[in-house]
Structures are given as structure tokens and as C-alpha cells.
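Here is the structure we will look at.
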Protein chains: 2
Amino acid sequence: MELSRDYSIDPVLLLKEYGLRITPQRISILSHMNQYKMHLTAEQIYHAIKDEFPSLSVATVYNTLKAFIDAGFVKELRVGDHASKFDLNLIPHHHLVCEKCGHIEDFHFIDLPIDKIANMHNFHVRHYHLEINGLCANCQEGHPSYIHQNQIS
Amino acid sequence: MELSRDYSIDPVLLLKEYGLRITPQRISILSHMNQYKMHLTAEQIYHAIKDEFPSLSVATVYNTLKAFIDAGFVKELRVGDHASKFDLNLIPHHHLVCEKCGHIEDFHFIDLPIDKIANMHNFHVRHYHLEINGLCANCQEGHPSYIHQNQIS
DNA sequence: GTCTCTGCAAATCGTTTGCACGTTT
DNA sequence: AAACGTGCAAACGATTTGCAGAGAC
């Protein structure tokens, strides 16, 4: 039903490929983003690896994520009133966002007439992103929303 | 090439229709959002109408916009690192966002396989939004970006 | 050796909130 | 009269920044 994101990423090679300096913190951030294959806030990433780097600062996580975004392989998702979520975006994909529990689900493989639209507007396309908002399967069924509330999404 | 948004809106009727209280500030905010048919920040709306209401507060603009979003006829766009832009969204449409100058252009009329995706994921759709990022016609041509920089978009 | 990254603390800035007062219903 | 909106100032919270020291190249 959906392509699982079972491709492996070598953080060192990725950083090298994009001409970014290779530091333990960056490797760890990339590893975690890849491992969870999910949409993490800066805060979540910080907590996930702070054991590994006792002196780690949230600012470093933000700065690092910004470097990744500038490089182009991380995407910032700003949905709801909450903190941004960051998404390793090596394979383009789109999102289903639950308005009740905040859960974000990926989907791939969709044909969009992007070129046609771009041509009509003389627009040079770099990225595109389709976001569908509504209720996820769980929340439709009247399940209490707190089940999803604190999960990593 | 694009449907012009030349429909007229009666703020009073719109507020009435959605069961919201009719106040001069709300009427003015709606009038301006409709008049510019563009994507304004709360700050821009504030400055646009503060002459009319010398005692107006930015907080009121935010509160009002939030009420409109809850009602469902205004959409909040969070693109780039900047403040949210607010978009009168009576006719569903999508956006071309220029990464250089920040200009946002609308487009309508696109067939998306939303139902198919929703069915595959057992997702109940409320809204959807396609965002295309890249370079607008002006910025591709190497025009200095400051031409667009401060325009209302 | 140079340049960049990291970590800390403080600053920034968009947005929200509490409360007293005014307006709409 | 009751309910809600407005305006003010203060609070909030996510993100950014300046700077000194450490690490990558």
C-alpha cells in the first residue's frame, strides 16, 4: 500500500556528498532522523541524542537542521500551532496530517500535473508538497486522541 | 491563464453566515483581505487598518484571524522562516511559493487523486493543499529580489 | 593554520493570554 | 442583562544570535 522507507543512509557519505563538515553531532542527528523515518521536532531530536552528547545544546540541533535544509535533504514541516517537524526528504513524498492527534503519515507515488502548472505560470519548480488534512483512521473511530498525542510523528 | 478572484464578498453577510459577531474591526479586516486578494501577515493587516482604528491592537488581529480560521473561511500559510500569512479561502486553491522573493501566487483547477489516497489510508479528508516551491518568473530572470521583497504577497 | 561547528546564554519575535472595559446580541 | 470582542501589557515559546573555545579540514 505504501513503499516502506527501508533504504539505508550513511550519514558520513551524505554529509560528504553535500560538502558539509562531518561532526559526531551531525552524524548522530542524521542517524536518528533516518532510524525513526519520522517527523521529529528539534526538541525530540535533542532529547534523543543528548545522552550521547551530554553537552549538546538545542541551538546546535537547530543550526544543524538549518544547514541540512539549506543543503536540501531535510524539509521543515510547519503544521498546526506547534513546533516545526523536520523530515529527512531524500525520497520525495507527501503527507496526511491528522487535525485531531497531530499524527503525520507519508504517502508516495502520486502523479501530479506539476509541469503543466509550472508552465502556465512560468515558474521554475524546485520542490512540491501535497498536504492532506483531516482525521486519521484512529481518530475517525472515536478513539481517544491521547493515544496518539505523545507519539513521535 | 488563471481565474481572477473577482468575486465580491460582503463581510457582514459572511460573518452572519458563520454566526460570528459583527464588529467594525472584523468587517475592516475582511474587507482588506478581500480587497487585496492576497496573502497578508497579521502585521500587514494591522498596519493596513490601524488608521481606521487608532486604538487597534495586533492581538485583536490575531484573535480575529483565529476566529476566522476556526470558522473555516481563512487559511493560515506557514512558509519560509517568516510570519504566517493569512488567506481568505472561500474558493479552494493552491500555491506557488517563490523561494527567493517570498511571493505567493495562487492557482486553481487541478485534478488531484485525493479520494484515492484517502481511501488507501483510511483517512477522512477535510482540506488539502498543494504547495509548489521554486522561482517565480521574475526571480528566474535574474531580477534583483528586492523588487518583490516588500510587496504584499 | 584556517575556517567552521559547538555550546552557552541572552536576545528576538511572532503569537497568545489575562484582565478590565466596551459592544453586540 | 448576558455573552462576547477589544485593547493593553505581560507572558510564552520556538528559534536565532554573539561569542569563546573546540574540532574538522
Side-chain angles (χ1 to χ4, degrees), chain A residues 11-30 32 39-71 74-87 102, chain B residues 11-32 39-71 74-87 102 153:
Chain A
V12 174
L13 291 180
L14 185 60
L15 290 168
K16 218 170 245 171
E17 189 182 326
Y18 282 90
L20 297 171
R21 291 220 166 160
I22 296 154
T23 71
Q25 291 88 339
R26 289 178 175 195
I27 294 170
S28 180
I29 290 173
L30 275 179
H32 275 81
H39 317 85
L40 302 163
T41 64
E43 200 72 30
Q44 286 171 327
I45 295 171
Y46 169 73
H47 281 108
I49 66 173
K50 75 174 173 190
D51 288 344
E52 201 178 335
F53 305 94
S55 68
L56 183 74
S57 157
V58 197
T60 297
V61 177
Y62 276 107
N63 290 335
T64 302
L65 288 169
K66 196 169 195 180
F68 293 172
I69 292 167
D70 290 345
V74 163
K75 192 165 171 25
E76 183 176 1
L77 297 174
R78 305 177 69 194
V79 306
D81 298 336
H82 317 295
S84 290
K85 294 182 177 183
F86 298 88
D87 184 12
Chain B
V12 175
L13 290 181
L14 185 60
L15 290 168
K16 217 170 249 172
E17 189 180 326
Y18 282 90
L20 296 172
R21 292 217 167 162
I22 297 155
T23 71
Q25 292 89 337
R26 290 180 173 194
I27 293 170
S28 180
I29 290 173
L30 275 178
S31 298
H32 276 81
H39 317 85
L40 303 163
T41 63
E43 200 73 30
Q44 286 172 327
I45 294 171
Y46 170 72
H47 282 108
I49 66 174
K50 76 174 172 189
D51 289 345
E52 202 179 333
F53 305 94
S55 69
L56 182 73
S57 157
V58 197
T60 298
V61 177
Y62 276 107
N63 290 335
T64 301
L65 288 169
K66 196 166 196 183
F68 292 172
I69 291 167
D70 289 345
V74 163
K75 192 167 170 24
E76 184 176 0
L77 297 175
R78 306 177 70 193
V79 306
D81 298 336
H82 317 294
S84 290
K85 294 182 177 182
F86 297 88
D87 183 13
S153 63

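All heavy atoms count here, side chains included; hydrogens, waters and symmetry mates do not. To find a chain, count down the sequence lines: A is the first, B the second, and so on, and within it residues start at 1.
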### 4.5 Å side-chain heavy-atom contact, B:Gln44 and B:Thr41
yes
### Message
Could you check whether any side-chain heavy atom of B:Asp87 comes within less than 4.5 Å of a side-chain heavy atom of B:Val74, counting everything from C-beta outward?
### Response
no
### Task
Provide, to the nearest angstrom, the distance between the CG atom belonging to A:Leu65 and the P atom belonging to D:dT17.
15 Å
### Query
If only side-chain N and O atoms of A:Lys66 are considered, is one of them under 4.0 Å from the OP1 or OP2 phosphate oxygen of D:dT16?
yes
## Note on the structure
Residue pairs passing the side chain to side chain donor-acceptor pair (under 3.5 Å) test with at least one member in residues 21-30 of chain A, sequence neighbours excluded, are A:Ser28-A:Glu52
### Message
Would the distance check show the side chain of A:Thr64 and the main-chain N or O of A:Thr60 forming a donor-acceptor pair, the cut-off being under 3.5 Å?
### Response
yes
### Task
Mind calculating the distance between CZ (A:Phe86) and P (D:dA14) to the nearest angstrom?
12 Å
### Message
Would you say that B:Phe68 contacts B:Leu30 through its side chain, given a criterion of any heavy-atom pair below 4.5 Å between the two side chains?
### Response
yes
### Message
Rounded to whole Å, please give me the gap between CD in A:Glu43 and P in D:dT16.
### Response
14 Å
### Query
For the helix from C:dG1-D:dC25 to C:dT25-D:dA1, how many degrees between its two end axes (five pairs per end), to the nearest 10°?
50°
### Query
So, for B:Leu56 and B:Val61, which heavy atoms are closest and what is the spacing to 0.1 Å?
CD2-CG2, 4.2 Å
### side chain to side chain donor-acceptor pair (under 3.5 Å) contacts touching residues 11-20 of chain B (sequence neighbours left out)
none
### Task
Provide the closest heavy-atom pair for A:Leu40 versus A:His32 in the form atom of the first, atom of the second, distance.
CD1-O, 4.2 Å
### Task
If a protein heavy atom is under 4.0 Å from the base, mark B; if only from the sugar-phosphate, S; if neither, -; do that for nucleotides 7-12 of chain C going 5' to 3'.
BBB---
### Summary
Separation of D:dG7 atom C1' from B:Arg26 atom CZ, nearest Å, is 14 Å
### Query
Could you state the CD1-P distance from A:Ile69 to D:dA14, rounded to the nearest angstrom?
16 Å
### Query
With sequence neighbours excluded, what pairs up with A:Tyr62 under the side-chain contact (heavy atoms from CB on, under 4.5 Å) test?
A:Ala42, A:Val58
### Query
Reading nucleotides 19-25 of chain D 5' to 3', which nucleotides get B (base under 4.0 Å from a protein heavy atom), which S (sugar-phosphate only), which -?
----BBS
### Query
Once you round it to whole Å, what is the distance between P of D:dG5 and CZ of B:Phe68?
10 Å
### Query
Rounded to the nearest Å, what distance is computed from the OH atom of residue B:Tyr18 to the P atom of nucleotide C:dT24?
23 Å
## Note on the structure
Picking from D:dT6, D:dT16, C:dT16, the nucleotide nearest the side-chain atoms of B:Tyr62 would be C:dT16
### Summary
Heavy atoms of A:Ser84 and A:Arg78 approach each other most closely as OG-CG, 3.4 Å
### Query
Is A:Leu65 close to A:Phe86 at the side-chain level, that is, under 4.5 Å between some pair of heavy atoms?
yes
### Query
Between B:Lys16 (NZ) and C:dT25 (C1'), how many Å, whole number?
12 Å
### Task
Using a 4.0 Å heavy-atom cut-off across all strands, classify B:Thr41 as base, sugar-phosphate, or nothing.
nothing
